[in-house]
> 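One structure, as structure tokens, below. Some questions next.
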Protein chains: 2
Amino acid sequence: MGEPRWLDAEEQKAWRAWLYSAQLLLDRLDRDLTHRTGISHAYYEILVALSEAPERMMRMSELADRCLSSRSRLSHAVSRLEERGWVRRQVYAEDGRGQLAVLTEEGFAALEGAAPIHVEGVRRELFDQLTPEQVEGMRALGETLLRHLDPDRVP
Amino acid sequence: MGEPRWLDAEEQKAWRAWLYSAQLLLDRLDRDLTHRTGISHAYYEILVALSEAPERMMRMSELADRCLSSRSRLSHAVSRLEERGWVRRQVYAEDGRGQLAVLTEEGFAALEGAAPIHVEGVRRELFDQLTPEQVEGMRALGETLLRHLDPDRVP
DNA sequence: CAAGCGTAGTTGAGCGTTGAACTATTCCGC
DNA sequence: GCGGAATAGTTCAACGCTCAACTACGCTTG
């Protein structure tokens, strides 16, 4: 094992600043969206992914990957979105095991209603606080980490 | 309301990179710690906070603030940590409404066991991927966001 | 074409979080 | 020092997530 490589004071500060800011930002955006639209950030991501897909439909497992979700979690989530009438399931003709999640018109309308609230939150809590240089730094940092955490997701 | 200030392509990229990297990193650290020590990141933060407090004890609400937790959430979490014998509750003499959460010796030992695993994860997934300049940029960005999200938490 | 393996997705139980309602105590103004 | 507001913390029910077990289908190899 060897002696743990403890963080020095500078690293501690950087880690704490990143951790707290990430948790607070994610939490605030989620709460804001949820309270003002009834749609959690997780559900919003599902609706966005479907709305951008050809014919507004996607395989369950593709959708799960895209939304950083386990299959089980996505399956539960889609069931709940189905109850709201925003998504419906449809068997995938080319592969009898597969299911397609399809965004309904009602689901698309719900997304259209939530999108301005969401983007306003991201502006207010994030971009309005940063200079263009900081935004560029944020993108570079994010992509560096992404290259390690999940290379396939890097643009 | 006015027209929403939609994100342009650069902003989209920056936002997605930040969002995915933050979610993946938090998720991976939490899973890694949980599977290797049986202690979730949330519980770990509680143990750390207590271990750093005078006499290893803190008021419930202070502890909740420190851990970015609601009072309800913390109350549940402390109950579960109590069941493990890692924390105990004690009435706060100076204020009959208050409760103190106290870290037990067993709790401290559990923390000592988990700390090397945790720091190794943070190194491997975060610091080892970054240059010193990027670490400094990460700290500055985090503190900028923190100044907006929760000014009292900025160093 | 059958056996076995891999893949897609669902289900159910258990745990953790949320938000609101609740109890108990202290603080404040009169 | 009394009545009402504020604060500290807990509890409950509803919801969401996790992990493991399960069903169903497809693919491969003999």
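What you see below is based on every heavy atom in this structure, not just the backbone, and it leaves out hydrogens, waters and symmetry mates. Below, read A as the first sequence line, B as the second, and so on, with proteins coming before strands; counting in each chain starts at 1.
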> CD of B:E94 versus P of D:dA8: gap in Å, rounded?
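Roughly 14 Å, once rounded to whole Å.
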> Check nucleotides 9-13 of chain C for protein N or O atoms closer than 3.5 Å to its own N or O atoms and list the pairs.
{"from": "C:dG9", "atom 1": "OP1", "to": "A:R59", "atom 2": "NE", "distance (Å)": "3.2"}
{"from": "C:dG9", "atom 1": "OP1", "to": "A:M60", "atom 2": "N", "distance (Å)": "3.4"}
{"from": "C:dG9", "atom 1": "OP1", "to": "A:Q99", "atom 2": "N", "distance (Å)": "3.1"}
{"from": "C:dG9", "atom 1": "OP1", "to": "A:Q99", "atom 2": "O", "distance (Å)": "3.2"}
{"from": "C:dG9", "atom 1": "OP2", "to": "A:S61", "atom 2": "N", "distance (Å)": "2.8"}
{"from": "C:dG9", "atom 1": "OP2", "to": "A:S61", "atom 2": "OG", "distance (Å)": "2.3"}
{"from": "C:dT10", "atom 1": "OP1", "to": "A:R89", "atom 2": "NH1", "distance (Å)": "2.3"}
{"from": "C:dT10", "atom 1": "OP2", "to": "A:S75", "atom 2": "OG", "distance (Å)": "2.8"}
{"from": "C:dT10", "atom 1": "OP2", "to": "A:R89", "atom 2": "NH1", "distance (Å)": "3.1"}
{"from": "C:dT10", "atom 1": "O5'", "to": "A:S75", "atom 2": "OG", "distance (Å)": "3.3"}
{"from": "C:dT11", "atom 1": "O4", "to": "A:S72", "atom 2": "OG", "distance (Å)": "3.0"}
{"from": "C:dG12", "atom 1": "O6", "to": "A:H76", "atom 2": "NE2", "distance (Å)": "3.0"}

> How close or far is atom P of D:dC17 from atom CG of B:D30, stated in whole angstroms?
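Distance, rounded to whole Å: 14 Å.
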> For A:R80 and D:dA14, what is the distance between atoms CZ and C1' respectively, to the nearest whole Å?
11 Å
> Is the NZ or CZ atom of B:R56 positioned over B:F108's six-membered ring, under 6.0 angstrom from the centre and within 45° of the axis?
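Because its charged atom sits under 6.0 Å from the ring centre and within 45° of the axis, B:R56 does stack over B:F108.
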> Just how far, in rounded Å, is C1' of D:dT18 from CG of A:L68?
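Rounding to the nearest Å, CG of A:L68 and C1' of D:dT18 are 16 Å apart.
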> Quick one: does A:L25's side chain get under 4.5 Å of B:L149's, heavy atoms only?
yes
> Classify the ring geometry between B:H41 and A:W15 as parallel (under 30°), tilted (30 to 60°) or perpendicular (over 60°).
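Because their plane-to-plane angle is over 60°, the rings of B:H41 and A:W15 count as perpendicular.
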> Could you work out, with side chain to side chain donor-acceptor pair (under 3.5 Å) as the rule, every residue matching B:Y20, not counting sequence neighbours?
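Result, side chain to side chain donor-acceptor pair (under 3.5 Å) vs B:Y20: A:R66, B:R16.
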> B:I39 has an atom CD1; how far is it from atom C1' of C:dC15, in whole Å?
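So the CD1-C1' distance, B:I39 to C:dC15, works out to 17 Å.
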> Between P on C:dG16 and CD on B:E82, what's the gap in Å once rounded to a whole number?
15 Å
> Figure out the CG/C1' separation between B:L26 and D:dC17, and round it to whole Å.
16 Å
> By nearest heavy atom, map B:S70 and B:D95 onto DNA chain C; which one lands nearer the 5' end?
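Result of the comparison: B:S70.
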> Can you check the A:Y92 OH to C:dA8 C1' distance for me, whole Å?
12 Å
> So, are A:R124 and A:D32 salt-bridged, with charged N and O less than 4.0 Å apart?
yes
> On DNA chain C, does the nearest nucleotide to B:A93 precede the nearest nucleotide to B:A77 from the 5' side, or the other way round? Give the residue.
B:A77
> Test your reading of the model: is there a side-chain donor-acceptor pair from A:R123 to the backbone of B:R5, 3.5 Å cut-off?
yes
